Student: 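Quick one: the structure is below, questions incoming.
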Amino acid sequence: MNWDAAKVFWDACEFLMLCAIGLYTYMSKRSAITEQKLLDTRREIDAHLHDHATRLARLEEGPTHEHLSDLHSKINGVDRVLNELKGAFDAANGTLKLILDHLMQQK
């Protein structure tokens, strides 16, 4: 038996076994990493969906069109009152100007 040929054959078998083990390790690690990334993505999606559901629930509890129309009518009432006050202050300002002019002409 040729021991040199047997050693070369054994070295070749060893090399192929190491390549097979390396390939198996690479594939299993890649699969585990892919699964972990998928799980992380699913968790992120679930968190976003929960966040959206929370926001939708808050919107459903928010003001309705009736509430907004009541608020609008109240704001219009405040606007009317402010316009009346502005008119009253403008009139008072005109009167004060007349009084001031009269006082200035007396001197």
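Everything numeric in this text was worked out from a predicted model, so none of it was measured.
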Student: Cut-off 3.5 Å, no hydrogens considered: what does the side-chain donor-acceptor table look like for residues 11-25, sequence neighbours left out?
Tutor:
unit_1, atom_1, unit_2, atom_2, d
Glu14, OE2, Trp10, NE1, 2.8
Thr25, OG1, Ile21, O, 2.8

Student: Which residue pairs pass the side chain to side chain donor-acceptor pair (under 3.5 Å) test with at least one member in residues 39-48, sequence neighbours excluded?
Tutor: Gln36-Asp40, Asp40-Arg43
Student: To the nearest 0.5 Å, what is the distance between CG on Asp70 and CD1 on Ile75?
Tutor: 11.0 Å
Student: Atom CG in Asp51, atom CG in Leu56: separation rounded to 0.5 Å?
Tutor: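 It comes to 10.0 Å.
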Student: Run His67 and Leu71 through side chain to side chain contact (heavy atoms under 4.5 Å, CB included) and show every step you take.
Tutor: CA-CA 6 Å; His67 293 120; Leu71 184 63; over 6 Å; no
Student: Any donor-acceptor pair under 3.5 Å linking the side chain of Thr34 with the backbone of Arg30?
Tutor: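 The answer is yes, because a donor-acceptor pair under 3.5 Å joins these two groups.
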Student: How long is the span from the NE2 atom in His52 to the CD1 atom in Ile45, to the nearest 0.5 Å?
Tutor: 10.5 Å
Student: Please enumerate all residues that pass salt bridge (charged side-chain N to carboxylate O under 4.0 Å, His left out) together with Arg58, with sequence neighbours excluded.
Tutor: none
Student: Considering only heavy atoms from C-beta outward, does the side chain of Ser31 approach that of Met27 to under 4.5 Å?
Tutor: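 In short, these two side chains do not touch, never coming nearer than 4.5 Å.
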Student: Quick one: list whatever passes side chain to side chain donor-acceptor pair (under 3.5 Å) with Ser73, sequence neighbours left out.
Tutor: none
Student: Among residues at least two apart in sequence or on other chains, which ones pass side chain to side chain contact (heavy atoms under 4.5 Å, CB included) with Leu98?
Tutor: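 Leu98: no side chain to side chain contact (heavy atoms under 4.5 Å, CB included) contacts found.
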Student: What distance separates Leu96 CG from Asp101 CG, expressed to the nearest 0.5 Å?
Tutor: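 So the CG of Leu96 and the CG of Asp101 are separated by 11.0 Å.
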Student: Side-chain donor-acceptor contacts of residues 80-93 below 3.5 Å, not counting sequence neighbours, with atom names and distances?
Tutor:
unit_1, atom_1, unit_2, atom_2, d
Asn83, ND2, Asp79, O, 3.4
Lys86, NZ, Asp90, OD2, 3.1

